[in-house]
There are 2 protein chains.
Amino acid sequence: MPYITTHEPNGETLYNIAAVERDTGLSKDTLRVWERRYGFPQPLRDNNDERLYPQDQLDKLRRIRHLMDHGQRPSKLIHLNAEELAQLMTRGAEYREPPAAVAEILRLLLAHDIEGFRGALLQQLMKQGLQRFVCDTVAHLNFWIGDAWLHGKLAIFDEHLYSEHLQNILRNAILEQPGRGGAPRFLLTTVPGEKHRIGLLMVEAMLCIEGAACVALGNETPIPDIRDGALALRADVVALSFSAAIPTQTALAGLQELRAVLPKEIAIWAGGGALGRCRKAPEGVTMLRSLEEIPSALANARDTNRALQAA
Amino acid sequence: MPYITTHEPNGETLYNIAAVERDTGLSKDTLRVWERRYGFPQPLRDNNDERLYPQDQLDKLRRIRHLMDHGQRPSKLIHLNAEELAQLMTRGAEYREPPAAVAEILRLLLAHDIEGFRGALLQQLMKQGLQRFVCDTVAHLNFWIGDAWLHGKLAIFDEHLYSEHLQNILRNAILEQPGRGGAPRFLLTTVPGEKHRIGLLMVEAMLCIEGAACVALGNETPIPDIRDGALALRADVVALSFSAAIPTQTALAGLQELRAVLPKEIAIWAGGGALGRCRKAPEGVTMLRSLEEIPSALANARDTNRALQAA
DNA sequence: GAGGTCATTTTGTCCTGGTCAGAACTCTAA
DNA sequence: TTAGAGTTCTGACCAGGACAAAATGACCTC
């Protein structure tokens, strides 16, 4: 995988198709098909007739991808310019303005005041408690960071910084929960292709604080391995998180596939942006439409469990 | 990305080419070229003439990939059977037998005794101290877990479990270090394509315990963003980890690319399996051949830094 | 207005069968 | 033992076609 970026004498940076695939998440096939169908992107060619994408085309592709992750379709986006793309994002968003605390945390991140940023996150966690922190602050942060990036106010490394620190904070909070032994036992993971870890950590936090026993398998566990893991670890519930970056249909396919191989005594819980757009859950899958539902869903599961035990 | 696995009436599981790419890390192009050139893999076809790989071919491909990650070449591997492949791995390895403590930790992992496993890791950390723990225990565990997987003794979800718990332990250990403000300041990350997080955490642990100021950017930061981050965070050293899973040449290309965009005052440190096979570092890159070298390299850097300050 | 069905359009993945550059290896000479 | 030259190996990329599945929209029913 020789990701090549050449630096032209005029200072322009050019990316080959592999680099563009890596940076946008659009497959090489898709890039070639768009060029054929829509006339965009329109890369230069090197001596060997291979595609070389200029920086601005890469940037536009990343914006398009970001909007597609939020449900837009490529043909509607491909001929818009950067500004039009940025506007599309904020319009129709469920969030209008970040709350003051979130705005302050964002400000510290953008100023690269790492200590202050970390401190503000921790302070907010202490103030709100883990569940409100996760449902309010983190959810807003996720949205506004995406938005800031789209408007060019925030670099990729800022996102990495955010993700890394938030992970540390959430993991730490989770570790500090006793995690009593009682049923139901949860296995948390994502299907292959789903790289976002934060969503899963948010769910784990919501569960742990209620005293649920959780085992996290990390990201991208192949379906047969989720089954093997659930059996080996005697899980009662497998919880999966699907970010908006993964197509709804892929998420549903993964759920059905898992349901087919998992014994019916083991429940499946699923949630996340990818499922927000779809009506009803596949047979045998509990769909969680928001993090707030988790505590009551857990209470239900415990009741059911007790009823089963009694019977 | 419709990763399809069909379950045939006879109970056999079949994977399409996208699923095989995802599970093996071999590109679709490579899979097709191998079929054309070597006659393996030799997938079935569906109604639409698309490839369907049976389970055993997928397993063999994963073993081949694992050995290629350790420097073997495909043509030497492609016609061997599972047993011959497994033998190749242990032969010529630098490790002959896991130390007792490592064997015990492995045993607990394989028995899915999560509490015991976590406890044993923590105990070993306390006993050895962070640096010996990272250099000895973790390094051995990484090797033997790969080996156990190759011999079919260990499932993917066991690896995920291991990775998740080790991450928690290392992140926690790192957070507990004060991380004094003094120079040199380190920025830690990996280049795109390098997904392994453990290696980076091991480096961070080695540095933090010596009181170095570290900022971790997580994995797969695009090169221009590494530069932006290093400047914004005023790093003195950018440290990169390259696992054996990434081709040596890709690693070197990444290093050269970064060196080209980074001001020469900022040092680059690089290490990991991918660089073990190559003679000398690119100009302007400090190559760390093992984790043990880190403390002395840090001491050197501090001396240099003091000398510069004095001048 | 919610929900269902069907045709149409959109979209991305897969296919074949090439070409080619650069890495890895082998051989030879110093 | 090293250095250089020649050879083989390897995987990335290309074009352009086919096709299935998802999304959309039109129309109908409850």
Side-chain angles (χ1 to χ4, degrees), chain A residues 1-4 6 15-22 24-38 40 43-53 61 64-65 67-69 71-79 193 246-253 256 274 277-280, chain B residues 1-4 6 15-22 24-38 40 43-53 61 64-65 67-69 71-79 193 246-253 256 274 277-280:
Chain A
M1 319 153 193
Y3 304 117
I4 295 164
T6 35
Y15 300 83
N16 71 358
I17 196 168
V20 176
E21 175 182 48
R22 143 165 77 63
T24 62
L26 300 165
S27 77
K28 294 175 184 121
D29 270 326
T30 300
L31 290 166
R32 285 191 278 252
V33 155
W34 283 9
E35 185 180 335
R36 209 196 303 168
R37 288 210 187 119
Y38 308 122
F40 181 88
L44 312 174
R45 299 292 180 132
D46 69 4
N47 301 331
N48 198 35
D49 216 32
E50 301 191 352
R51 293 170 174 79
L52 288 177
Y53 296 82
L61 286 167
I64 291 175
R65 173 59 200 247
L67 285 160
M68 285 172 61
D69 288 347
Q72 310 267 351
R73 309 204 65 186
S75 59
K76 303 283 169 60
L77 305 169
I78 204 138
H79 291 119
I246 191 170
T248 302
Q249 169 258 343
T250 308
L252 291 174
Q256 278 182 323
R277 275 166 261 145
C278 97
R279 309 280 166 85
K280 57 181 181 184
Chain B
M1 317 151 194
Y3 303 118
I4 296 165
T6 35
Y15 299 84
N16 70 357
I17 197 169
V20 175
E21 176 182 48
R22 146 167 73 64
T24 62
L26 299 165
S27 77
K28 293 172 186 129
D29 270 329
T30 301
L31 289 167
R32 287 191 277 252
V33 156
W34 283 9
E35 185 180 334
R36 208 196 303 168
R37 286 209 187 119
Y38 308 122
F40 181 88
L44 313 174
R45 299 294 179 128
D46 70 4
N47 302 332
N48 199 34
D49 218 31
E50 301 192 352
R51 292 169 173 80
L52 288 177
Y53 296 81
L61 286 167
I64 289 175
R65 172 59 199 247
L67 285 159
M68 285 172 63
D69 288 347
Q72 310 268 351
R73 310 204 65 186
S75 60
K76 301 285 168 60
L77 305 170
I78 205 139
H79 291 120
I246 192 170
T248 302
Q249 170 257 342
T250 307
L252 292 173
Q256 278 182 325
R277 276 166 260 144
C278 97
R279 309 282 166 83
K280 58 179 178 183

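The figures that follow rest on heavy atoms only: side chains count, while hydrogens, waters and symmetry mates do not.
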message: Using the side-chain heavy atoms of P74(A), tell me which of these nucleotides is nearest: dT11(C), dA15(D), dC15(C).
response: dT11(C)
- prompt: Starting at the 5' end of DNA chain C, which residue's closest nucleotide do you reach first, R73(A) or D49(B)?
  reply: R73(A)
Identify the pairs formed between an N or O of the protein and an N or O of nucleotides 17-19 of chain C at a distance under 3.5 Å, and give each distance.
unit_1  : atom_1 : unit_2 : atom_2 : d
dG17(C) : N7     : R36(B) : NH2    : 3.2
dG18(C) : N7     : R36(B) : NH1    : 3.2

- prompt: With nearest nucleotides of DNA chain D determined for K76(A) and E50(B) from heavy-atom distances, which residue corresponds to the more 5′ nucleotide?
  reply: E50(B)
- prompt: Is any side-chain nitrogen or oxygen of Y38(A) closer than 4.0 Å to OP1 or OP2 of dT11(C)?
  reply: yes
- line: With sequence neighbours left out, the residues meeting side chain to side chain contact (heavy atoms under 4.5 Å, CB included) with R36(B) are V33(B)
query: How far does the helix from dG1(C)-dC30(D) to dA30(C)-dT1(D) bend, going by the axes of its first and last five pairs, to the nearest 10°?
result: 50°
query: Does the side chain of K28(B) get closer than 4.0 angstrom to OP1 or OP2 of dT13(C) through an N or O atom?
result: no
task: Identify which nucleotide among dC15(C), dA12(D), dT10(D) has an atom closest to any side-chain atom of I17(B), counting heavy atoms from C-beta outward.
output: dC15(C)
statement: Rounded to the nearest 0.5 angstrom, the OH-OG1 distance for Y15(A) and T24(A) is 12.0 Å
message: From the set dC13(D), dC14(C), dA15(D), return the single nucleotide nearest to any side-chain atom of N16(A).
response: dC13(D)
field: Candidate nucleotides dC14(C), dG11(D), dT13(C), ranked by approach to the side chain of T30(A) - the nearest
entry: dT13(C)
